Every structure is written in structure tokens, then in C-alpha cells.
Amino acid sequence: MDVIETERLVLRPFTQDDAPALFELFSLPEVARWSGTGQPMTDVSEAIARIERMPERAGGHPAAGLFATVRRDTGAFVGMTLLVRIPSSAGNDREDHEIGWHLHPDAWGHGYATEAATALVQRGFDAGMPGVVAVTNPDNVRSQAVCRRLGMTDLGLTSDWYDQELRAFSLDHRGCD
């Protein structure tokens, strides 16, 4: 998996050395509430296990991956950005890729999510992905704003992925030309 550099960020593969920073990120209730079960991590071993599962979670597309997202100027960990195969809900046979981000609250409001996601969307399109989706908790207005800044179309509430009702957004390759 390649390292991606933007104006202010470096997106790189996670290593086990990132486990403490990943644990700190997902131990914060204000971050964890928007991810997975919504429950904060309680032990660094959960972060280690998550890093170990990342290659499988990414799937087989050459552009896919989960990236530690760090500032170029300081090397400080700001969060994670991902471009992965999104699990379809039961009875829904879709083959979509999801763009997503989880940033430390100290990094909120600086445009990092938009900058990192823009780079990953372009990476996906350059590698032949026809489009990407993003899903958010219906109450996560901050992430929905990022989706809009990316030029994504609001699909409204849907249960197409993760077996739960989420607000979904899409962007196809034609929308980026």
C-alpha cells in the first residue's frame, strides 16, 4: 500500500506502533459514537486487533486501504482515513466502496477530513473505481458536511449497508471529471 501525500497530510499504512494513537482516538466517546458499535475502546489490545484486521477489511481493490493520517509538518497523528469495500445489508447484493474518516477532536474544523478523503477518492477513481459511497449516522452533521464538500450526492436515509439505517452519500467518477 502506497503512502499518499497531500498539501498538509500524509496517509500511510498503519503499523502496530500506531496502536496507542488508534486506541486514544477510539477511546474518546465523541469519536466512538459515530463508529461501529458506538462504544469506546477500553484497552489498547482492541486497537492492536483492529490494525491486524485492516488488510482483510480493505478488500482486494488495489486502491483500497485504511490509512493512518498524520500532519506533514509535525508527524502528529490526526486520525484514520479509509477507502474500503462496504458491507451490504442482508439481502442486498451490492459491491460498493466506502470513503470514510475518523479524526481526533483536536483535528476537527481544520479541513483535514476533506483533504484526506479527496486524495483517497481520486486514488480510487484513478484505479478504476466507478464511484464511492459514504455513510453516516443520521445525526452526524459534521461528517455529512464533509460529504457535501466532497461534492457527494445525498441519498437520504437507507438501510443498504451495515444492516442499519444510515444517511448515505454517493459520488461517481463522472461527478469528478
Side-chain angles (χ1 to χ4, degrees), residues 6 8-9 11 14 18 21-44 46-47 49-51 53-54 57-59 64-71 76-121 124 129 131-172 175-176:
T6 69
R8 300 177 298 159
L9 302 171
L11 285 66
F14 274 90
D18 295 312
L22 190 65
F23 169 70
E24 179 186 348
L25 178 68
F26 285 105
S27 68
L28 298 170
E30 63 266 40
V31 174
R33 72 180 287 207
W34 307 119
S35 176
T37 65
Q39 298 301 310
M41 286 184 179
T42 58
D43 188 86
V44 73
E46 295 171 82
R50 185 175 280 194
I51 291 169
R53 291 190 308 269
M54 285 180 178
R57 174 72 176 102
L66 293 96
F67 297 86
T69 305
V70 300
R71 288 179 45 169
F77 181 88
V78 297
M80 69 181 292
T81 314
L82 55 96
L83 180 62
V84 297
R85 181 96 176 264
I86 186 170
S88 295
S89 291
N92 187 1
D93 189 23
R94 299 183 62 130
E95 302 225 359
D96 300 302
H97 283 87
E98 172 185 17
I99 185 73
W101 46 87
H102 304 285
L103 299 185
H104 192 283
D106 292 345
W108 294 354
H110 297 281
Y112 296 145
T114 303
E115 185 174 330
T118 297
L120 284 188
V121 166
M129 282 183 188
V132 296
V133 298
V135 294
T136 69
N137 178 293
D139 297 326
N140 190 343
V141 295
R142 285 180 165 277
S143 281
Q144 292 162 18
V146 173
C147 293
R148 289 183 184 96
R149 283 192 293 277
L150 292 171
M152 301 185 91
T153 300
D154 187 343
L155 303 175
L157 297 176
T158 180
S159 298
D160 288 354
W161 302 281
Y162 292 111
D163 292 313
Q164 58 183 306
E165 187 174 71
L166 301 164
R167 180 166 294 280
F169 295 80
S170 70
L171 182 66
D172 65 28
C176 278

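Worth saying up front: this structure is predicted, and the values here are computed from it rather than measured.
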Residues at least two apart in sequence or cross-chain that pass side-chain contact (heavy atoms from CB on, under 4.5 Å) with Ala119, listed by chain then number, are Ile4, Thr6

Residues at least two apart in sequence or cross-chain that pass salt bridge (charged side-chain N to carboxylate O under 4.0 Å, His left out) with Arg53, listed by chain then number, are none

CG (Leu120) and CD1 (Ile99) are apart, to the nearest 0.5 Å, by 4.5 Å

For Ser159, the side chain to side chain donor-acceptor pair (under 3.5 Å) test, sequence neighbours excluded, returns none

Between the NE2 atom in His102 and the CG atom in Leu25, the distance rounded to the nearest 0.5 Å is 8.0 Å

Contacts of Arg57 meeting salt bridge (charged side-chain N to carboxylate O under 4.0 Å, His left out) (sequence neighbours excluded), chain-then-number -> Glu98

Heavy-atom nearest pair, Ser89 first then Gln164, reads OG-N, 4.3 Å

One should read off an interatomic distance between Thr81 OG1 and Leu11 CG, to the nearest 0.5 angstrom, of 4.5 Å

Glu30 meets the side chain to side chain donor-acceptor pair (under 3.5 Å) criterion, sequence neighbours left out, with none

dist Ser88:OG -> Glu95:CD (nearest 0.5 Å) comes out at 7.5 Å

Applied to residues 131-171, the ring pair (Phe, Tyr, Trp, His ring centres under 6.0 Å) test, sequence neighbours excluded, yields none

Separation between CE (Met80) and OG (Ser35), nearest 0.5 Å, reads 7.5 Å

Heavy atoms of Gly151 and Leu171 approach each other most closely as O-CD1, 3.5 Å

By side chain to side chain donor-acceptor pair (under 3.5 Å), Glu46 pairs with (sequence neighbours left out) Thr42

Q. Under a 4.5 Å cut-off applied to non-hydrogen side-chain atoms, are Glu24 and His104 in contact?
A. yes

Which of Leu166, Asp96, Asp172, Thr158 passes side-chain contact (heavy atoms from CB on, under 4.5 Å) with Val133? It is Asp96

For residues 140-155, the side-chain hydrogen bond (donor to acceptor under 3.5 Å, both in side chains) pairs (sequence neighbours left out) are Trp101-Ser143, Thr114-Arg149, Thr136-Gln144, Asn140-Ser143, Arg148-Asp154, Asp154-Arg167

Applying ring-ring contact (aromatic ring centres under 6.0 Å, His included) to Phe77 and not counting sequence neighbours gives none

In this structure, CG of Asp160 is separated from CG of Leu155 (nearest 0.5 Å) by 8.5 Å

Closest heavy-atom pair, Ala113 versus Leu103, reported as atoms and distance to 0.1 Å, is N-CD1, 3.5 Å

For Asp163 and Ala90, the nearest pair of non-hydrogen atoms, with its separation, is OD1-N, 2.7 Å

Would you mind reporting whether His110 and Val78 have side-chain heavy atoms less than 4.5 Å apart? no

Sequence neighbours excluded, the answer for side-chain contact (heavy atoms from CB on, under 4.5 Å) partners of Ala32 is Pro40

On a heavy-atom basis, the closest approach of Leu66 and Ala58 is CD1-N, 3.9 Å

Margin query: side chain to side chain contact (heavy atoms under 4.5 Å, CB included), that's the test. Do Arg8 and Tyr112 meet it? Break it down for me.
Written below: CA-CA 8 Å; Arg8 300 177 298 159; Tyr112 296 145; 3.4 Å; yes

Residues at least two apart in sequence or cross-chain that pass side chain to side chain donor-acceptor pair (under 3.5 Å) with Asn137, listed by chain then number, are none

Looking only at heavy atoms, the pair that brings Val84 and Gly65 closest together is CG1-O, 3.9 Å

Sorted by chain and number, sequence neighbours left out, ring-ring contact (aromatic ring centres under 6.0 Å, His included) with Phe23 holds for none

